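These notes concern the structure reproduced below.
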Amino acid sequence: MKREYIINKETISLISEFDNFGKENTRAIEGKNMFLVNKSPEKIINDTLNYLGSSLEGAIIGSKSILGNIYRVPISISAKQGITWFPCNSCKPKESIWLAHSHIENLEKLNSIETIVHMSHGHSLKISMRKKQIEDRMGRAALLQTKLVERSTKKMLFLYEKGSGIKLYKRKGEINFSVNDKEKVD
């Protein structure tokens, strides 16, 4: 079992798993590998975001400011790398499932309340959620990723009038700068 784990582009899913003492761990799928991590999925996500200079709380606030105050909001781990995740918690208590949007290949309706999520590398996961619910969450994750990429790549246009800015100067022997409306400073 791993003690530490940082989400990367190859991470596919994080799923709660409880030991015999009721402690929550995470079954992580990365590429073709599966392993246990001695932390909850939310702790792994928060640690990853902390490593990248953010937090889970900050990511949720940011997502809600972009998408609105929706339930089970997706989060961006890294918009630049295209790493957007969303929660797929089922009706079962204490079950946490997080999926990487970019690794979902297909959804298969099993019955009215269960769906099989087919993911990269041939992995699949049966989730106690309607197919439509998962599709909605995938759509929100895609929208979040698109909006973040647009915002980060959009050219910013700044218009200013020459000479309209603040002019700062420092006289010989002075420590601080002063504000001056004159063009020429000694």
Side-chain angles (χ1 to χ4, degrees), residues 1-56 58-60 62-63 72-111 113-149 152-153:
M1 182 179 303
K2 292 185 177 198
R3 290 176 160 268
E4 299 292 329
Y5 182 69
I6 298 294
I7 294 168
N8 61 67
K9 203 163 175 60
E10 291 300 310
T11 311
I12 297 170
S13 65
L14 301 174
I15 305 161
S16 289
E17 187 164 305
F18 295 87
D19 65 17
N20 294 336
F21 303 103
K23 184 187 180 311
E24 186 176 18
N25 298 299
T26 298
R27 182 166 297 281
I29 299 177
E30 177 185 296
K32 294 182 178 184
N33 302 310
M34 183 172 60
F35 47 86
L36 287 174
V37 182
N38 192 16
K39 295 181 179 183
S40 70
E42 289 77 13
K43 179 72 173 133
I44 292 171
I45 292 168
N46 193 56
D47 288 352
T48 300
L49 289 165
N50 286 173
Y51 176 76
L52 296 171
S54 185
S55 68
L56 179 54
I60 290 170
S63 294
R72 303 263 190 234
V73 69
I75 58 160
S76 175
I77 302 291
S78 171
K80 186 176 181 180
Q81 294 183 54
I83 305 175
T84 305
W85 284 66
F86 63 95
C88 261
N89 299 13
S90 71
C91 300
K92 297 176 185 172
K94 289 190 165 187
E95 185 175 273
S96 180
I97 301 169
W98 284 81
L99 302 175
H101 175 261
S102 63
H103 286 287
I104 297 176
E105 295 183 349
N106 189 29
L107 299 176
E108 179 185 341
K109 180 180 177 178
L110 197 58
N111 55 50
I113 59 167
E114 293 179 309
T115 304
I116 297 176
V117 180
H118 296 278
M119 302 171 285
S120 301
H121 302 286
H123 302 300
S124 63
L125 175 64
K126 185 172 96 173
I127 298 178
S128 298
M129 286 179 67
R130 293 189 314 268
K131 181 180 176 187
K132 175 75 171 120
Q133 288 176 299
I134 299 171
E135 288 171 339
D136 289 346
R137 292 186 190 178
M138 287 175 63
R140 290 181 197 137
L143 180 60
L144 177 64
Q145 177 64 27
T146 300
K147 286 187 177 263
L148 286 170
V149 168
S152 66
T153 58

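Remember, it's a predicted structure, so these values are computed and weren't measured experimentally.
Minimum interatomic distance between E105 and S120 (heavy atoms only, all atoms of both residues): OE2-CA, 3.4 Å. Scanning both residues, V149 and A79, for their nearest heavy atoms gives CG2-O, 4.0 Å. Scanning all heavy atoms of the two residues, the minimum distance from N25 to P41 falls at O-CD, 4.3 Å. Between I116 and S124, the shortest heavy-atom distance links the atoms CG2-CB, 3.9 Å. What you find for H121 and I12 is that their closest heavy atoms are CD2-CD1, 3.8 Å. For the pair K39 and R3, the tightest heavy-atom approach, listed with the atom from each and the gap, is CE-O, 3.3 Å.
Under the 3.5 Å distance criterion, with hydrogens and angles disregarded, a donor-acceptor pair is assigned to the side chains of Y5 and T11. Of the N and O atoms on the side chains of N33 and E30, not one donor lies less than 3.5 Å from an acceptor on the other residue.
Here E135 does not pair with R130 in a salt bridge; the nearest charged N to carboxylate O distance is not below 4.0 Å. Between D136 and R140, none of the side-chain N atoms (NZ, or NE/NH1/NH2) sits under 4.0 Å from a carboxylate O, so this pair counts as no salt bridge.
Remark: F35 CZ is packed, more than 12 non-hydrogen atoms of other residues, nucleotides or ligands lying under 6.0 Å away. The environment of K9 atom NZ is dense: over 12 non-hydrogen atoms of other residues, nucleotides or ligands sit within 6.0 angstrom. Heavy atoms from other residues, nucleotides or ligands lying under 6.0 Å from NZ of K132 number 12 at most.
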Practice task
Show your reasoning for whether side chain to side chain contact (heavy atoms under 4.5 Å, CB included) applies to L14 and W85.
Solution key: CA-CA 10 Å; L14 301 174; W85 284 66; 3.8 Å; yes
message = Test side chain to side chain contact (heavy atoms under 4.5 Å, CB included) on M138 and L107; report intermediate values, then the result.
response = CA-CA 11 Å; M138 287 175 63; L107 299 176; 3.6 Å; yes
